[in-house]
Protein chains: 2
Amino acid sequence: MMCAGELHSQEQHCCTPGCRVHGMLQPWLLLLLHEGPSHGYQLLDRLRRDGLASDPDPGLLYRTLRQLEEEGMVVSSWDTTRSGPARRRYELSPEGLDYLHAWVGEVARVRNQLDHFLSAYAQSFPPQAVNPEGKGGD
Amino acid sequence: MMCAGELHSQEQHCCTPGCRVHGMLQPWLLLLLHEGPSHGYQLLDRLRRDGLASDPDPGLLYRTLRQLEEEGMVVSSWDTTRSGPARRRYELSPEGLDYLHAWVGEVARVRNQLDHFLSAYAQSFPPQAVNPEGKGGD
DNA sequence: TTAGCATATATGTCGCCCACATATAGGAGT
DNA sequence: ACTCCTATATGTGGGCGACATATATGCTAA
């Protein structure tokens with residue numbers, strides 16, 4: 001995690017100003033649900049193991065699922081077949097599938113923007129440039 | 001820009017929920033300032049032409065520059081040598097240069113995360129997979 | 001029995017970044 | 001005077017993430 005403040009002072013307990021994947025929870029949930037219906041806690045586990053860099057916040061996850069439901073991207077139903085607390089079973093809707101596809105375009109675009117930045121940086125700081133012309137790099 | 005709501009209802013005047021480059025204004029400013037001192041309005045122009053996908057918000061830009069100054073990443077001074085309104089000349093500090101380098105690592109990490117998502121998506125939706133085994137894809 | 005733990009869902013609060021609107025001011029052209 | 005361009009700055013509101021906390025079910029150990 002990085003934050004301008006952290007280079008010269010303490011914390012700022014929150015949300016890492018600076019770069020991070022913002023809003024990637026939604027597409028990850030849509031993608032995981034495309035593989036089959038699931039419930040919040042399980043999605044949390046799958047994200048922990050496979051998806052996001054750091055532990056997704058349960059609060060955010062459940063809020064995001066409810067939001068996706070409000071928007072019609074997923075459909076939920078209570079599942080009380082198993083013992084233990086009732087769980088909400090989420091299922092991807094056709095709209096949700098469309099949304100997932102649309103998301104991918106956005107993500108690819110963002111990735112290209114990051115590439116663009118990294119290229120621009122690489123131009124300003126040529127990696128190990130041993131240049132025969134003798135022009136100074138930095 | 002994309003927003004779940006936009007697929008089935010109207011607007012939400014603000015901030016594109018969904019994916020976007022979050023917090024990339026800072027590293028872009030640091031990178032541009034590495035090429036030489038500049039002032040806000042000029043940075044805005046350079047970003048418009050070269051950097052970010054969409055017009056950066058002037059308000060955000062000036063706020064970000066002041067924030068970077070508070071954090072010691074840039075140093076500013078008034079420039080009244082030219083006619084017209086006074087302008088603040090921003091210059092990258094050594095700390096700012098360190099910060100830029102740190103940023104690049106973050107950006108690369110995020111890019112890898114986006115790649116990871118795109119790969120996972122590609123696995124779920126194999127591109128044009130004409131599979132000889134005859135197994136249904138979707 | 002009751003205390004603790006894992007499972008499972010949910011809300012409160014705060015901070016950051018972004019979008020959009022607006023304010024201020026100097027200088028140039030009409 | 002009025003408008004436009006340059007240039008900097010603040011107000012306001014929203015979305016998402018981080019962290020804390022509340023709730024309830026069921027199992028197990030003391």
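We name chains A, B, ... by the order of the sequence lines, and we start the count at 1 in each one. Just so you know, these numbers use all the heavy atoms, side chains as well, and skip hydrogens, waters and symmetry mates.
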If you define the side chain from C-beta out and look only at heavy atoms, does anything of A:M73 sit under 4.5 Å from A:L33? no
Can you measure A:D55 atom CG to D:dA18 atom P for me and round it to whole angstrom units? 10 Å
Gap between atoms CD and C1', on A:E106 and D:dG15 respectively (whole Å): 15 Å
Could you check whether B:Q26 and B:Y99, counting side-chain N and O atoms only, form a donor-acceptor pair closer than 3.5 Å? yes
Does OP1 or OP2 of C:dC16 have a side-chain N or O of B:Q67 closer than 4.0 Å? no
What is the distance from CZ of B:R48 to P of D:dC5, rounded to the nearest Å? 13 Å
Any idea which heavy atoms bring A:G40 and A:Y90 closest together, and the distance? N-CD1, 4.5 Å
Which heavy atom in B:L29 sits nearest to a heavy atom in B:L47, and how many Å separate them? CD2-CD1, 4.0 Å
If each end axis of the helix from C:dT1-D:dA30 to C:dT30-D:dA1 is fitted on five C1' pair positions, the angle between them, to 10 degrees, is 20°
Partner of A:L30 under side chain to side chain contact (heavy atoms under 4.5 Å, CB included), chosen from A:L68, A:L25, A:D98, A:V104: A:L68
Starting at atom CG of B:L61, determine the distance to atom C1' of C:dA19, rounded to an integer number of angstrom. 14 Å
ring-ring contact (aromatic ring centres under 6.0 Å, His included) partners for B:Y62, two or more places apart: none
Taking only N and O in the side chain of A:Q26, is any of them less than 4.0 Å away from OP1 or OP2 of D:dG15? no
Summarise how protein sits on nucleotides 5-12 of chain C as a single string, 5' to 3': B when a protein heavy atom is under 4.0 Å from the base, S for sugar-phosphate-only contact, - for no contact. --BBBBBB
Let me know which of A:E91, A:H39, A:E69 forms a side chain to side chain donor-acceptor pair (under 3.5 Å) with A:S76. A:E69
Could you check whether A:R87 makes a cation-pi contact with A:W78, meaning its NZ or CZ is under 6.0 Å from the centre of the six-membered ring and within 45° of the ring axis? no
